[in-house]
Amino acid sequence: IRQQALAELQQASSTTALAEWHGRYLGRRGELTQLMRRISQVPPEERPAYGQAVNALKEELTARFEQREAEVKRSELSQRLAAEAVDVTLPGRPADVAGLHPVTQMIREVTTIFNHLGFQTVEGPEVEYGYYAFDALNIPQDHPARDVWDTIFIVSDQKEIVLRPHTSPMQIRTMERRQPPVRVVVPGRCYRFEAVDATHEWHFHQIEGLAVDEHITMADLKGTLAEFARQLFGQERKVRFRCDYFPFVEPGVDFAIDCMFCRGEGCRVCKGTGWIEILGAGMVHPQVLRNVGYDPERYTGWAFGMGVERLVMLKYGVPDIRLFYQGDLRFLAQFNRAL
Ligand code: PHE
């Protein structure tokens with residue numbers, strides 16, 4: 001028994017195996033207990049020696065068990081420590097970090113440029129009265145240009161309420177509240193009742209600009225927009241003004257930069273013209289000044305309005321405006337490389 005017990009004890013290499021071993025030899029029904037019981041079958045004169053021998057064996061096995069138990073516990077612990085070890089020198093796994101939407105980034109970039117040129121950022125309502133969206137901007141009820149802005153109507157009675165189709169209503173709201181000099185930029189969401197395709201969304205963003213004071217001229221407009229275009233699209237940009245029509249400016253212009261993607265004839269961005277139109281602008285119409293109670297004999301001003309998504313598309317070569325609102329992180333994450 002001794003031989004076998006000791007051999008098995010050596011084999012037992014886990015806490016559970018040890019517990020089994022203990023039950024088998026030293027437990028209440030174990031071998032040793034049974035040996036002790038068999039003392040009645042031993043001739044009386046041999047009993048003291050037999051008893052001593054069994055007790056000695058029991059003591060030995062108990063001592064060896066405790067020794068082995070300590071050994072097994074130690075090795076189990078060191079195995080666990082090795083398995084659960086943390087290598088503190090490994091580089092960390094990068095955590096997912098949120099970033100700003102490219103439209104938000106562009107709004108900040110553009111408004112910052114104008115802030116540095118002395119323009120204050122203001123914001124206005126997306127749900128707007130027809131009066132501010134059209135009438136006060138010199139686009140009366142029956143004006144043919146009124147449906148250039150494919151408008152989403154909330155209420156279409158006498159007191160029209162619309163989702164603003166441009167940020168220009170804030171020209172009126174700003175001038176109603178302030179006296180010249182006025183210099184503001186107005187970022188914000190706009191809405192149009194439009195079929196969605198690669199270059200049109202029914203929901204998009206614009207940034208409006210307005211400067212009104214004594215002696216403000218078209219030259220100031222040209223210089224300001226040229227400086228803006230160069231800060232946003234590169235110091236080497238050439239700029240172009242051409243006549244355009246908007247009811248609330250006179251004269252009206254479209255403002256273009258030379259194409260920075262240009263591969264001549266085949267250029268897809270500028271269609272081979274060499275020029276990319278980036279915004280509409282013009283001298284504030286005298287009627288608009290009158291509508292807000294400004295004296296057009298004393299004050300002049302200019303305004304501009306640009307589409308933010310379009311700026312991002314031009315600056316980064318985004319081919320489809322629908323990408324902005326699909327929430328696809330493969331697209332959005334590209335604008336947050338620094339994170
Ligand atoms: N509001 C015009 C548009 O949405 C842009 C514009 C703004 C044009 C200011 C001239 C002056 O198309």
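FYI, side chains are in, hydrogens and waters are out, and symmetry mates aren't considered; it's all heavy atoms of this structure. Computed from a predicted model, the values in this text were never measured in an experiment. Just so you know, ligand 1 is whichever comes first in the structure, and atom 1 is the first atom listed for that ligand.
- Contact annotation for Ala281 and ligand 1: only backbone heavy atoms (N, CA, C, O) come within less than 4.0 Å of the ligand.
- At the top of the distance list for atom 7 (C) of ligand 1, counting protein heavy atoms only, stands Gly305 N, 3.3 Å.
- Tyr325 and Glu309 share a donor-acceptor pair across their side chains, judged by distance under 3.5 Å alone.
- Here the heavy atom of the protein found nearest to atom 3 (C) of ligand 1 is Trp149 NE1, 3.6 Å.
- The environment of NZ in Lys222 is sparse: at most 12 heavy-atom neighbours from other residues, nucleotides or ligands sit within 6.0 Å.
- Applying the 4.0 Å criterion to heavy atoms of Ser168 picks out, from ligand 1, the atoms 1 (N), 7 (C).
- Of the candidates Phe248, Trp302, Phe304, Tyr245, Phe248 brings a heavy atom nearest to atom 2 (C) of ligand 1.
- Using a 4.0 Å cut-off to heavy atoms of Gln171, the atoms of ligand 1 that qualify are 9 (C).
- The shell of residues lying under 4.0 angstrom from ligand 1, judged by heavy atoms, includes Glu208.
- Residue Arg192 places a heavy atom under 4.0 Å from ligand 1.
- Taking the ring axis of Tyr129 as reference, the NZ or CZ atom of Lys159 stays within 45° of it and closer than 6.0 Å to the ring centre.
- Aromatic rings from Phe246 and His166 are positioned such that their centres are separated by 6.0 Å or more.
- Interface of Phe246 with ligand 1, defined as ligand atoms under 4.0 Å from a residue heavy atom, comprises 8 (C), 10 (C), 12 (O).
- Within the 4.0 Å heavy-atom criterion, neither part of Met283 lies near ligand 1.
- Residue Gly252 places no heavy atom under 4.0 Å from ligand 1.
- Note that Arg173 lies in the cation-pi zone of Tyr132, set by a 6.0 Å cut-off to the ring centre and a 45° limit from the axis.
- Aromatic ring centroids of Phe65 and Tyr25 lie 6.0 Å or more apart.
- Short contacts between ligand 1 and Gln206, defined as distances under 4.0 Å to a heavy atom of the residue, involve ligand atoms 3 (C), 4 (O).
- Looking at Thr300, its side chain does come within 3.5 Å of a backbone N or O of Ile216 through a donor-acceptor pair.
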Go through it in stages, so that I can follow the logic: the residues are Arg240 and Glu277, the test is salt bridge (Lys or Arg N to Asp or Glu O under 4.0 Å), and I'd like the CA-CA distance, side-chain angles, deciding distance and then a yes or no.
CA-CA 9 Å; Arg240 184 194 73 179; Glu277 288 155 26; 3.6 Å; yes

